[in-house]
Number of protein chains: 2
Amino acid sequence: MARATSRHETAAVAVDVVLLTIEKGELSAFLVCLKEGPLRGKWAFPGGRVRLDEPLEDAARRELREQTGLADVYLEQLYTFGDPDRDPTSRVVSVAYFALVPTAPALRRTARYAAAAWFPVRALPALTYDHDRIAAMALERLRAKLSYTNIAWSLLPRAFTLGDLQAVYETILGRRLDRRNFRRKLLGLGLLRPLSRERRGAHRPATLYAFRSRRPLIAEVL
Amino acid sequence: MARATSRHETAAVAVDVVLLTIEKGELSAFLVCLKEGPLRGKWAFPGGRVRLDEPLEDAARRELREQTGLADVYLEQLYTFGDPDRDPTSRVVSVAYFALVPTAPALRRTARYAAAAWFPVRALPALTYDHDRIAAMALERLRAKLSYTNIAWSLLPRAFTLGDLQAVYETILGRRLDRRNFRRKLLGLGLLRPLSRERRGAHRPATLYAFRSRRPLIAEVL
DNA sequence: TCAAAAGTGTTGGCATTACACCCATGA
DNA sequence: TCATGGGTGTAATGCCAACACTTTTGA
């Protein structure tokens with residue numbers, strides 16, 4: 001707080017964003033390759049300074065928009081990292097956010113970074129700063145929330161099959177689930193609404209579902 | 001991160017600490033009364049600027065030590081609040097921590113604040129800044145963690161009875177628990193070690209227990 | 001006709017809940 | 001002796017995990 005009236009020099013404030021999606025059956029993270037400074041060429045999560053009049057979450061959304069073009073994402077604050085030596089350049093306190101989208105947006109070239117790419121979280125490159133810790137915490141948070149909230153909704157399009165939903169759970173938790181139990185449980189929660197359409201494809205058609213609500217909810221899912 | 005090479009002006013960084021304990025059967029919070037500035041006379045959680053070379057958690061511990069003398073507390077990061085107008089004086093991003101102690105330390109007079117006091121959380125005075133939100137989040141976190149971690153340990157002395165432990169749960173959750181079920185569950189977890197001593201008092205003596213480990217653990221308690 | 005995903009019920013075990021009585025003590 | 005908290009067991013219920021076969025489709 002600003003109760004200390006004298007003007008202390010304090011740390012700078014930044015945000016970093018862990019953007020995750022499921023791509024080709026793999027949970028994947030969006031990384032950027034630094035372009036300048038002593039860490040040039042290293043991979044990290046995108047992030048940057050918070051502007052003086054900007055709320056923290058706005059800063060995170062702005063970073064996402066600038067690097068990926070995404071505007072409508074699930075976003076929540078993850079943790080704040082502030083070790084004095086986490087950034088070799090200067091003291092930066094970083095508020096980490098974690099974001100989920102149903103599909104990976106196309107990569108775009110931006111001025112800020114040398115490159116950007118999606119990596120499966122099971123095979124992330126070495127990360128700079130303390131972004132390994134951020135990555136670990138994001139995964140932990142996602143796995144935990146998967147089982148007691150409706151957060152998985154953020155990883156699926158508007159209409160999806162129960163098979164799709166189950167695949168999201170299996171991918172993130174890293175284990176197979178029993179289809180009958182899964183369907184019974186999820187349908188029993190009453191959070192899903194069957195659509196009148198079906199998905200037709202290479203196999204037997206599957207009924208499509210949508211979420212009754214896309215607001216975050218607490219519900220014992222598994 | 002420090003990737004933006006130009007020198008942006010950014011927010012200042014502070015910590016605020018929600019210190020909780022159970023006193024006379026009431027969950028209570030430690031508050032200070034501001035002494036200076038436009039918010040003089042208002043109550044808030046203690047906090048202050050993070051020093052330039054100081055880790056965030058160290059800053060929180062330092063605040064606690066300065067205001068209460070406490071050195072050995074349970075402390076965890078709660079959330080980071082950074083709305084541009086949360087502090088009318090200047091832009092301050094505050095990393096909120098939440099702390100638990102078994103007993104309320106005696107109040108001491110410090111230079112920083114006009115007063116300090118313990119308030120039952122059911123009857124907090126009006127809080128300044130966005131500290132109402134911080135208070136709400138601290139309570140939510142405590143209630144949630146109570147049921148899936150061993151965090152209650154931090155609110156009890158080294159030796160305690162099962163009745164004491166149950167009282168902690170009942171106080172924080174705000175509902176009565178069945179004694180037989182509670183004892184069966186807790187003893188079944190194997191986290192407690194019966195001591196050879198008993199507590200003698202006004203009634204039938206109760207066996208004292210201690211925690212096998214005082215490290216944080218995840219365990220489905222209730 | 002084959003491969004692959006969709007869809008469907010039952011059972012056993014385990015955990016949780018609800019519930020009532022006696023005990024040991026200090027006042 | 002009384003008030004107060006300590007200590008104990010059982011029965012009913014609900015939840016979760018395990019499990020196999022049939023259906024529908026496009027290729």
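None of these values were measured; they are calculated from a predicted model. Throughout, protein chains are lettered first and strands after them, A, B, ... in sequence-line order, and every chain is numbered starting at 1.
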Could you go over nucleotides 11-17 of chain D and give all protein N or O partners under 3.5 Å, atom names and distances?
from, atom 1, to, atom 2, distance (Å)
dA17(D), N7, N181(A), ND2, 3.4

Could you walk me through whether K185(A) and E220(A) satisfy the salt bridge (Lys or Arg N to Asp or Glu O under 4.0 Å) test, starting with their C-alpha distance in whole Å, then the side-chain angles of each, then the deciding distance to 0.1 Å, before giving a yes or no?
CA-CA 9 Å; K185(A) 190 73 203 294; E220(A) 209 57 47; over 6 Å; no
Scanning both residues in full, the closest heavy-atom pair of D72(B) with V101(B) reads O-CG1, 4.5 Å
From the list L222(A), V221(A), I218(A), side-chain contact (heavy atoms from CB on, under 4.5 Å) with Y148(A) holds only for I218(A)
Which of E57(B), Q67(B), E54(B) passes side chain to side chain donor-acceptor pair (under 3.5 Å) with R62(B)? It is E54(B)
Of all heavy-atom pairs linking N150(A) and R215(A), the shortest is ND2-O, 2.8 Å
Q.
Would R112(A) and E63(A) count as a salt bridge (Lys or Arg N to Asp or Glu O under 4.0 Å) here? Give the steps.
A. CA-CA 11 Å; R112(A) 277 266 291 299; E63(A) 292 297 327; 3.0 Å; yes
field: Under-3.5 Å donor-acceptor pair between R180(A) side chain and dA18(D) base
entry: no
For nucleotides 24-27 of chain D, tabulate all protein N/O to nucleotide N/O atom pairs closer than 3.5 Å, reporting atom names and distance.
from, atom 1, to, atom 2, distance (Å)
dT24(D), O2, R204(A), N, 3.4
dG26(D), O4', A202(A), O, 3.1

Between CZ of R179(B) and C1' of dA20(C) the distance, given in whole Å, is 11 Å
Here the distance between atom P of dG7(D) and atom CG of D164(B), to the nearest Å, is 11 Å
Taking every heavy atom of F211(B) against every heavy atom of R193(B), the minimum-distance pair comes out as O-NH2, 4.3 Å
From CZ of R183(B) across to C1' of dT16(C) the rounded distance in Å is 18 Å
Rounded to whole Å, the CZ-C1' distance (R199(B) to dG7(D)) equals 15 Å
Correct closest heavy-atom pair for A104(A) and W118(A) would be CB-CE2, 3.6 Å
When rounded to whole Å, the CZ to P distance for the pair R175(B) and dT16(C) reads 13 Å
The single option from I151(B), V121(B), I22(B), L139(B) that satisfies side-chain contact (heavy atoms from CB on, under 4.5 Å) with I172(B) is I22(B)
Report yes if a side-chain nitrogen or oxygen of T207(B) is closer than 4.0 Å to either non-bridging phosphate oxygen (OP1 or OP2) of dG6(D); otherwise report no. no
Rounded to whole Å, CG of L187(A) lies from C1' of dG9(C) at a distance of 15 Å
Under a 4.0 Å heavy-atom cutoff, the residues of residues 143-153 of chain B touching DNA chain D are none
When rounded to whole Å, the CZ to C1' distance for the pair F182(A) and dG9(C) reads 19 Å
Q: Examine Y74(B) together with W153(B) and report whether their ring centres are nearer than 6.0 Å.
A: no
In L34(B), D16(B), I134(B), the residue satisfying side-chain contact (heavy atoms from CB on, under 4.5 Å) with Y129(B) is L34(B)
To the nearest angstrom, the CG-C1' distance between L165(B) and dG7(D) comes to 16 Å
